[in-house]
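Note that the coordinates shown come from a computational prediction; the quantities given were computed from them, not determined experimentally. Computation of the quantities below employed the complete heavy-atom set of this structure, encompassing side-chain atoms and omitting hydrogens, waters and symmetry-equivalent molecules. Each chain gets a letter, A, B and so on, in the order its sequence line appears, and its residues count up from 1.
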Number of protein chains: 2
Amino acid sequence: MKARVFVTLKNGVLDPQGKAIGHALNGLGFGAVGDVRAGKVIDLELHESNAEKARASVKEMCEKLLANTVIEKYEIELKA
Amino acid sequence: MKARVFVTLKNGVLDPQGKAIGHALNGLGFGAVGDVRAGKVIDLELHESNAEKARASVKEMCEKLLANTVIEKYEIELKA
């Protein structure tokens with residue numbers, strides 16, 4: 001089973017990396033670009049076929065290591 | 001319209017960040033974790049309602065700025 005985890009800054013938290021990307025895109029002539037937020041994506045391969053167990057396990061990984069839950073939020077996507 | 005762009009290393013390219021995350025997870029007791037790959041996710045807000053135009057524009061952004069296409073690949077997801 002494969003899991004994809006998105007770790008992004010919470011909504012109120014300032015994102016200088018995203019701002020820089022947005023400015024660079026505007027400077028390159030992409031005027032239609034508004035707000036930009038940057039984050040991380042982590043693709044995991046899991047030796048676990050039970051989706052419920054896999055999700056619980058990935059959630060624990062996020063809380064313990066992958067995300068700083070003070071300023072970041074995470075989303076989990078599972079693929080068989 | 002919102003776009004989400006995933007930028008990840010191509011398959012043959014060594015990913016030390018992913019390896020480090022994998023080792024750390026194994027060390028924390030998550031033995032079911034196999035290969036780990038790390039990448040970036042970029043959320044863009046676009047002032048463009050035509051999905052086809054939006055996708056073409058985001059593709060151009062990826063080629064020009066967001067991804068280093070020598071070693072990275074990108075995926076684009078659009079949300080209304």
Practice task
Give the member of Met61(A), Glu48(A), Lys40(A) that has the highest number of heavy-atom pairs under 4.5 Å with chain B.
Solution key: Met61(A)

Handout entry: salt bridge (Lys or Arg N to Asp or Glu O under 4.0 Å) involving Lys64(A) - partner list, sequence neighbours excluded
Key = Glu60(A)

Handout entry: Those residues of residues 2-14 of chain A, ordered by number, that approach chain B below 4.5 Å (heavy atom to heavy atom)
Key = Arg4(A), Phe6(A), Thr8(A)

Problem - Members of residues 23-30 of chain A whose heavy atoms come closer than 4.5 Å to chain B - result: Ala24(A), Leu25(A), Leu28(A), Phe30(A)

Problem - Min side-chain heavy-atom separation Asp43(A)-Val36(B) under 4.5 Å - result: no

Exercise for the section: Report yes or no: do Tyr74(A) and Val33(B) belong to one cluster of Ile/Leu/Val/Met/Phe/Trp/Tyr joined by side chain heavy-atom distances under 4.5 Å? Expected result: yes

Fill in the blank from the handout: For Ala38(B) and Asp15(B) the tightest heavy-atom approach is N-OD2, 2.8 Å

Practice task
Measure the spacing between CD of Gln17(B) and CZ of Arg37(B) and express it to the nearest 0.5 Å.
Solution key: 11.0 Å

Handout entry: When Ile42(B), Asp35(B), Leu44(B) are compared by non-hydrogen pairs under 4.5 Å with chain A, the top option
Key = Asp35(B)

Check residues 50-58 of chain B and write down every donor-acceptor pair under 3.5 Å in which the side-chain atom is one partner and the other belongs to a residue at least two apart or another chain.
from     : atom 1 : to       : atom 2 : distance (Å)
Asn50(B) : OD1    : Glu52(B) : N      : 2.9
Asn50(B) : OD1    : Lys53(B) : N      : 3.0
Arg55(B) : NH1    : Ile76(B) : O      : 3.4

Fill in the blank from the handout: Highest number of heavy-atom pairs under 4.5 Å with chain A among Gly39(B), Gly31(B), Gly22(B), Gly18(B) belongs to Gly39(B)

